[in-house]
Amino acid sequence: KTMKTHAALLVSILCALYLPLIDAQRMVFCHYMLWVPSTADSVQGFVTDIQKARSYGIDAFAINTAQWYTASWPQPTLSMMVQAAEQEGFKFFMSVDMTNEFQSNPQAIVDMVSSVATSSAYLHVNGGAYLSTFVGDAVGWEWESSVLSPLVEKIGSVYFVPFFNGDPTQIIEQHPYVNGLFHWTAWPFDSDLQTVDPTVDKQFRAATSSAGKQFMAPVSPYFVKHYCGLPANQKPNWVFGDYAGFYLYVAHWEQLIQIAPDFIEILTWNDYPEGTYIGPVTAPWGMTNPCNGGQTSYDRTAYPHDAYGTLSNYFIQAYKNGGNYPNATYDQVFAFYRRFPESEQCNDPTGLGPIQNAGSMSDDVYIITLFKEPATITIFTGSSSSEFNANSGLGTWNVPWNLGSQSVTVTRNGQVIQQHTWAAPITDTCTDGNLYDMNTYTENIAF
């Protein structure tokens with residue numbers, strides 16, 4: 001009886017330290033790859049990133065690293081990020097990437113998180129240090145005994161919201177100590193590959209709510225990877241989701257605003273090899289492709305994604321305001337398109353060949369309008385033009401492209417109020433070192 005009483009007491013204490021669910025403010029995070037700072041490998045570089053993220057409405061960076069002791073860069077780089085976040089009063093938390101060192105060394109997770117969790121900039125939810133993961137359900141040790149309990153001893157309390165593969169109800173049954181769940185299904189994987197099915201988000205929302213847990217949902221603008229990466233025997237050559245320009249991002253945001261998860265994490269700020277980034281393309285080193293010994297470099301400056309970040313603010317405001325979309329107080333136009341045709345044959349030095357499923361992509365120019373008042377927009381692509389009447393608020397438009405320059409004209413009440421030629425033309429020449437690069441060029445204007 002005494003042993004049972006002690007055991008029950010221990011469970012009660014651990015549950016309290018891992019923090020039960022209470023209402024928390026809706027927040028939006030963005031996944032930040034620590035290995036490739038997007039502006040500069042310095043405190044000031046991280047400050048620049050933080051200021052831009054804050055302008056989008058992002059509340060914290062989810063810092064991804066797969067290493068702590070087995071490489072020389074993680075500790076000094078994270079230290080600079082922490083300094084910048086403290087300086088700016090911005091939040092961050094660790095998102096432990098379980099694809100490398102941490103698989104076999106849970107103590108490294110404890111050491112890493114405890115080294116930064118006492119920072120004034122570290123995100124705490126319901127009193128606990130927020131901690132997430134990229135996978136980690138298939139390790140050969142227990143999270144509760146190997147990571148969470150040692151962290152509790154060091155830093156007091158933990159708020160654990162991992163991405164574990166599987167059915168959410170079963171995950172919670174197998175890991176009852178979690179405070180919430182995250183998943184990575186931010187792109188459509190069905191045969192259509194065009195639109196996100198909200199089923200997974202709804203399943204996680206229902207399972208977490210039923211169990212008194214919280215749900216962090218993912219959202220992402222794009223995914224394209226033409227790269228030799230880890231594990232070494234894989235050569236990712238994929239594009240999934242967003243074959244219809246920006247529509248994946250818009251549709252998924254609208255779904256999530258209806259589903260109302262407790263948190264949303266944007267994937268990603270700066271994962272350049274996977275094309276999911278919404279942050280700057282001014283990384284301090286080039287993106288080499290290891291397929292041919294690192295002789296091929298990606299020029300991500302040719303594919304800015306800032307328009308995704310700027311557009312995010314519209315949806316972030318609606319999400320934080322209970323589904324009430326903000327009224328536009330000025331006019332914005334966003335453009336999204338690829339820079340050469342899907343069918344183009346490239347003299348690609350990687351040996352990977354054309355990107356899988358790229359044939360499902362449409363050679364279209366996609367436009368989003370956010371207007372304070374109705375207006376007429378004319379989309380010029382090469383030698384052709386198409387005219388649309390846009391209402392106030394958000395409007396989406398697309399037209400088949402022609403080679404050449406791309407531009408828009410906006411007219412209101414019979415007067416031209418904006419003319420703009422987008423900086424990147426569409427050509428029949430493979431860009432970015434002759435790579436099969438199905439990345440998206442984005443640009444936006446405000447007036």
Side-chain angles (χ1 to χ4, degrees), residues 27-97 100-102 108-125 129-134 151 154-155 159 263 265-274 276-288 297-301 304-306 308-310 312-313 316:
M27 289 183 284
V28 175
F29 314 132
C30 196
H31 205 76
Y32 195 108
M33 311 302 289
L34 190 64
W35 67 274
V36 56
S38 59
T39 301
D41 193 15
S42 65
V43 172
Q44 186 55 48
F46 286 118
V47 166
T48 300
D49 285 343
I50 285 168
Q51 291 173 344
K52 183 176 284 288
R54 177 175 279 145
S55 75
Y56 295 159
I58 293 167
D59 298 292
F61 280 146
I63 306 298
N64 173 297
T65 181
Q67 295 174 281
W68 186 242
Y69 289 123
T70 57
S72 61
W73 56 265
Q75 296 186 37
T77 306
L78 182 58
S79 177
M80 289 185 286
M81 168 62 85
V82 173
Q83 292 180 56
E86 290 175 347
Q87 178 179 320
E88 292 297 306
F90 189 74
K91 296 300 183 182
F92 75 95
F93 62 90
M94 300 310 299
S95 179
V96 184
D97 191 323
N100 198 301
E101 173 185 356
F102 300 124
I109 302 173
V110 175
D111 295 346
M112 176 179 68
V113 175
S114 62
S115 74
V116 294
T118 57
S119 165
S120 61
Y122 198 94
L123 178 68
H124 283 67
V125 172
Y130 199 91
L131 177 63
S132 189
T133 72
F134 176 72
L151 276 175
K154 286 178 173 286
I155 64 176
Y159 201 86
F263 312 108
E265 185 171 323
I266 299 172
L267 310 175
T268 64
W269 185 260
N270 59 336
D271 197 331
Y272 302 113
E274 296 185 350
T276 59
Y277 56 95
I278 69 167
V281 288
T282 49
W285 48 78
M287 293 302 305
T288 59
S297 294
Y298 284 106
D299 179 15
R300 284 299 180 242
T301 60
H305 283 190
D306 300 73
Y308 286 121
T310 303
S312 300
N313 181 253
I316 290 173

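When side chains are defined from C-beta on, Val116 does not count as touching Met81, because their heavy atoms never get closer than 4.5 Å. A 4.5 Å side-chain heavy-atom check between Lys154 and Val113 finds every atom pair outside the cut-off. The closest side-chain heavy-atom distance from Asn313 to Ser55 is not below 4.5 Å. Between Asp41 and Trp73 there is no side-chain heavy-atom pair separated by less than 4.5 Å. Using a 4.5 Å cut-off on side-chain heavy atoms (C-beta onward), Ile278 and Ile266 make contact. For the pair Asp59 and Phe263, the minimum side-chain heavy-atom distance is 4.5 Å or more. Counting only heavy atoms from C-beta outward, the side chains of Tyr122 and Phe93 approach each other to under 4.5 Å. Looking only at side-chain heavy atoms (C-beta outward), Cys30 and Tyr56 stay at 4.5 Å or farther from each other.
Although no hydrogens or angles enter the test, the distance criterion places a donor-acceptor pair under 3.5 Å between the side chain of Thr48 and the main chain of Gln44. With hydrogens and angles ignored, the 3.5 Å screen pairs a side-chain donor or acceptor of Tyr32 with a backbone N or O of Ser38. With hydrogens and angles ignored, the 3.5 Å screen pairs no side-chain donor or acceptor of Thr276 with any backbone N or O of Asn270. Gln67 contributes no side-chain N or O that, together with a main-chain N or O of Pro74, makes up a donor-acceptor pair within less than 3.5 Å. A donor-acceptor pair is defined here as one N or O able to donate and one able to accept, closer than 3.5 Å; no such pair exists between the side chain of Gln75 and the backbone of Tyr69. Using modelled atom types, no side-chain atom of Gln83 and backbone atom of Val43 make a donor-acceptor pair closer than 3.5 Å. Distance alone, capped at 3.5 Å, places no donor-acceptor pair between the Lys52 side chain and the Val47 backbone.
Ile155 and Ala129 make their closest contact through CD1-CB, 3.8 Å (heavy atoms, listed as atom of the first residue, atom of the second, distance). Nearest heavy-atom pair, His31 versus Ser95, reported as atom, atom and distance to 0.1 Å: CE1-OG, 3.3 Å. Leu131 approaches Met94 most closely through the heavy-atom pair CD1-O, 3.6 Å. Annotation for Glu101 and Trp68: closest pair OE1-N, 2.6 Å, computed over non-hydrogen atoms. Among all heavy-atom pairs drawn from Asp271 and Pro273, the shortest one is OD1-CD, 3.3 Å. The two residues Ser120 and Lys91 come nearest to each other via the heavy atoms O-NZ, 2.8 Å.
The distance from atom CG of Asp306 to atom OG of Ser312, rounded to the nearest 0.5 Å, is 11.0 Å. Here CD of Gln87 is found 8.5 Å from CD1 of Ile50. Values are rounded to the nearest 0.5 Å. In this structure, Asp97 CG and Leu34 CG are separated by 11.0 Å, a value rounded to the nearest 0.5 Å. To the nearest 0.5 Å, atoms CG (Asn64) and CG (Leu267) are separated by 10.0 Å.
When ring centroids are compared, Phe46 and Phe61 stay outside the 6.0 Å threshold.
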(message) As a quick check of understanding, evaluate side-chain contact (heavy atoms from CB on, under 4.5 Å) for Ile58 and Phe90, giving each step before the final call.
(response) CA-CA 9 Å; Ile58 293 167; Phe90 189 74; 4.2 Å; yes
(request) Please step through side-chain contact (heavy atoms from CB on, under 4.5 Å) for the pair Val82 and Phe92, ending with a clear verdict. (result) CA-CA 8 Å; Val82 173; Phe92 75 95; 3.5 Å; yes
(message) Go through it in stages, so that I can follow the logic: the residues are Met27 and Val125, the test is side-chain contact (heavy atoms from CB on, under 4.5 Å), and I'd like the CA-CA distance, side-chain angles, deciding distance and then a yes or no.
(response) CA-CA 10 Å; Met27 289 183 284; Val125 172; 3.9 Å; yes
